[in-house]
Asks: 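The structure that follows is given in the form of C-alpha cells.
First listed ligand is number 1; within each ligand, the first listed atom is number 1. Only a predicted model underlies this, so the values are computations on that prediction, with no experimental measurement involved.
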Amino acid sequence: MEDEKKSLNFIEQIIEEDLKNGKHKQIYTRFPPEPNGYLHIGHAKSICLNFGLGEKYNGKTNLRFDDTNPVKEDVEYVDSIMEDIKWLGFNWENEAKYASDYFDQLFEWAVEFIKQGKAYIDDQTAEEISATRGTPTRPGIESPYRNRSVEENLDLFMRMKNGEFADGQKVLRAKTGMDSPNMHLRDAVMYRIKHANHHRTGDKWCIYPMYDYTHGQSDYLEGITHSVCTLEFENHRPLYDWFLDQIYDSSKTRPRQIEFARLNLNYTVMSKRKLLELVEKGFVKSWDDPRMPTISGLRRRGYTPESIRNFAEKVGIAKRDNVIDVALLEYSIREDLNKKAQRIMAVLEPLKVVITNYPEGQSEELEAINNPEDENMGTRNVPFSRELFIEKEDFMENAPKKFFRLTQGAEVRLRYAYFITCNEVIKDENGEVIQLNCTYDPLSKGGKSPDGRKVMGTIHWVSANHAIDAEVELYDRLFIDEAPDGHKETDFKEFLNPDSLQVLKGCKIEPFAKSAKPLDKFQFERKGYFCVDTDSTSENLIFNRTVGLKDSWTKQNK
Ligand code: ATP
Ligand code: MG
C-alpha cells in the first residue's frame, strides 16, 4: 500500500486525498481543445492524463471544445479531434460539449458583474490597454472609462452585443484591480467584439468571451472537479478563482485548477500555429503527413494507440518543464510493433539474382515464421524460384573483411531458403552491377547447414516473379535542430530537414502483402516497421516506414 502511494503522481495524490476526505464523491475531468488545428502528441499526453484519471478513479471525463475564437476555428478540426480521441481509445461523457453552449449563461453572468459594479466597458484600444497595464513591479494606470455608471455600462454592453460597434472599439473588463503583482489580474478583459461567423452559433454573437472568463465558468457549469491544464496557465489561476468567486454557489462543485508540465519533444515543433504554417506553405503534404507530430500523422505513419498511451505513461507527470527525447516515442512504437507486427520480406532497392542451378520455370514454397515474438501468429509460405531480388546494399564487389553479406565467391544464407554462392557479377555499360549469377546448395533447404559449414551472413530476398511492386516512403526527422523553435534570431522553418522524405519506387514485396489494407502494419525483415499508407490502393501499394529496427539515427549522428 505504501509502495503504491509512492508511485502516484502529484495529481493522483490530490485526487485520492479529495476522495478520501469526502471533498468529492466522484471525480470529473475534461479535455478542452481549441478547434483551431489538429491534435498533436502533446495533446495526446493531456488526453491520456485527463481521460486516464477519469478511468482510474471511476470518474467521468468531458470533451469540451474551447471555441471562443471563431476566426481560427473550423468544423474540420472538431471532427478530427473527435476521431483522434476515439482512436486513442477514450470515450467522453455524453455528447461532446462546447464552450459556445454556454455563451448565453456567460453573457448573463457578465451582465450581473456589471450590475454589481465588478465590470465596465473600456473604450481604449488594445494598444492602450496593453500600454497602461504596467509591469509586475509597477502598477497599471486605471482606464479613464473605469468609473462609468452601471447604467451606462449596461447600455454599452447591450449595444456591443447588438453589433453597434466595430471590432476592437470596446471591451468589457473585470474590475480585478490595476495593482496586483499578477498581470492577469489587472482589469482582465472579459469580452471583445468580433464580427465573425461562428461554426456553431453562426451570426448570433458579435461579442465573444475571453478564454480566462470562459474556462473556469465552463468547468463550473459541467461540475468538473479537477481542471488539469499546462503550466503556462499557472499565473492565470488567481483569475480563474476570481471569476469563480463571483458566481460560486457553495452547494455546487467548485473546480480546482491544477497545472502540470507540457510535453516537449526535441527535433519537433508542437505549436498548432507552426504546424498550420507547415501545412499551408506546403512544407508537408497535410496535417496527417507521416512526418508531422500530429496524432493523425503518427497514425498514418503506423503508430498504434497503445504505443502512444505507453509513451504518455513513460513520460510521466512533471511539475517543471522538460524536454523528452523523441527517441523515447520511437522506442514505444518499436516495442509495441515488435510484439504485434507480421514479418515479411521486402526488397527496397532491388538487385536481380539468378540461381543458375535452379531449374527454369520451377518454384517452391518455403516456410517462414510470422512473428518470432508470438508463436500464435504461426507461419506462412514464401515462394522461391530461379530469379530473385536481393537488396542492392547486400552485395559488395570489393568487400572489406567484415562485410558479412554477399560478395563474389562468398556464400550467404537466404533467410528461410538456401545457402547461395555468388559466381558472376554482371554490369551494365556504366559499370553498375545489374545482376548476380549464383548457385544454391539444394541440401541447405530452410537455410540450414547441410554439413556443419557456417555462413556469416543472412540476407532477405523475394522471388522476382511472385513479388508485388510497391512504393516506399522513408522518413528522417522533420527538423535538423534539437529545438527548432528555440532560436530567437532564426525562424523555425530554417531548420527543416531537406531530406526528411525519401520516396523509393519499384520496391519488391513478398506476395503475402498483396491484400494489405491501409494502416496494416508489418515488419520488413532487417528494414524496419512499415505501415500501408492511407492513399495506398491494390493497384498502387504504398508503404510508410514507421520506424527503423534500431535507433540508427543516434548512431549516425552522435
Ligand atoms: P498549442 O500551443 O499546440 O497550440 P494549445 O495549448 O493552444 O496548444 P489547446 O487546444 O488549447 O492547444 O489544448 C488543449 C489542451 O491540451 C489544453 O489543456 C492544453 O493545456 C493541452 N496541451 C496542449 N499542448 C500540450 C502539450 N505539449 N503537452 C501537454 N498538454 C498539452
Ligand atoms: Mg490553448
Asks: Within a reach of under 6.0 Å around NZ of K72, are more than 12 heavy atoms found that belong to other residues, nucleotides or ligands?
Replies: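 No, not enclosed.
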Asks: What do you reckon, does T230 have a nitrogen or oxygen under 3.5 Å from a nitrogen or oxygen of ligand 1?
Replies: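 There is such a contact, yes.
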Asks: Does the N or O separation between R273 and ligand 1 drop below 3.5 Å for any pair?
Replies: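 For ligand 1, there is no N or O atom that lies under 3.5 Å from one belonging to R273.
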Asks: Should one rank P32, P33, C48 by closest heavy-atom distance to atom 18 (O) of ligand 1, which comes out on top?
Replies: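 The nearest heavy atom belongs to P32.
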Asks: Does an N or O anywhere in E34 fall below 3.5 Å from an N or O of ligand 1?
Replies: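 Right, the criterion is met.
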Asks: Between H40 and ligand 1, which residue portion shows a heavy-atom distance shorter than 4.0 Å: side chain, backbone, both, or neither?
Replies: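 Answer for H40: side chain.
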Asks: With a 4.0 Å cut-off, would you call E306 and K339 a salt bridge?
Replies: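 No, this pair does not count.
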Asks: Would you say K45 has any N or O atom under 3.5 Å from an N or O of ligand 1, going by distance alone?
Replies: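 Between K45 and ligand 1 (N or O atoms, distance only) the closest approach is not under 3.5 Å.
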Asks: Look only at interatomic distance and state if C229 has a nitrogen or oxygen under 3.5 Å from any nitrogen or oxygen of ligand 1.
Replies: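 C229 vs ligand 1: no N/O contact under 3.5 Å.
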Asks: Within the 4.0 Å heavy-atom shell around M270, which atoms of ligand 1 are there?
Replies: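 Listed by number with element, the hits are 3 (O).
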Asks: Less than 3.5 Å apart, any donor N or O on the side chain of E16 or Y57 sitting next to an acceptor on the other?
Replies: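 Note: E16 and Y57 side chains meet the donor-acceptor criterion.
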Asks: Taking salt bridge (Lys or Arg N to Asp or Glu O under 4.0 Å) as the cut-off, I'd like each qualifying pair that reaches into residues 37-51, sequence neighbours left out, listed once.
Replies: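 Qualifying pairs, neighbours excluded: none.
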Asks: Just jot down the ring-ring contact (aromatic ring centres under 6.0 Å, His included) partners of F90, sequence neighbours excluded, or say none.
Replies: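 By the ring-ring contact (aromatic ring centres under 6.0 Å, His included) rule, F90 matches F51.
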Asks: Would you please classify the geometry between the F107 ring and the W205 ring as parallel, tilted or perpendicular, with 30° and 60° separating the classes?
Replies: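 Tilted, since the angle between the ring planes falls between 30° and 60°.
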Asks: Would L263 count as being in polar contact with ligand 1, using the rule that some N or O on each side must be under 3.5 angstrom apart?
Replies: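 Yes; the residue has a nitrogen or oxygen that sits under 3.5 Å from a nitrogen or oxygen of the ligand.
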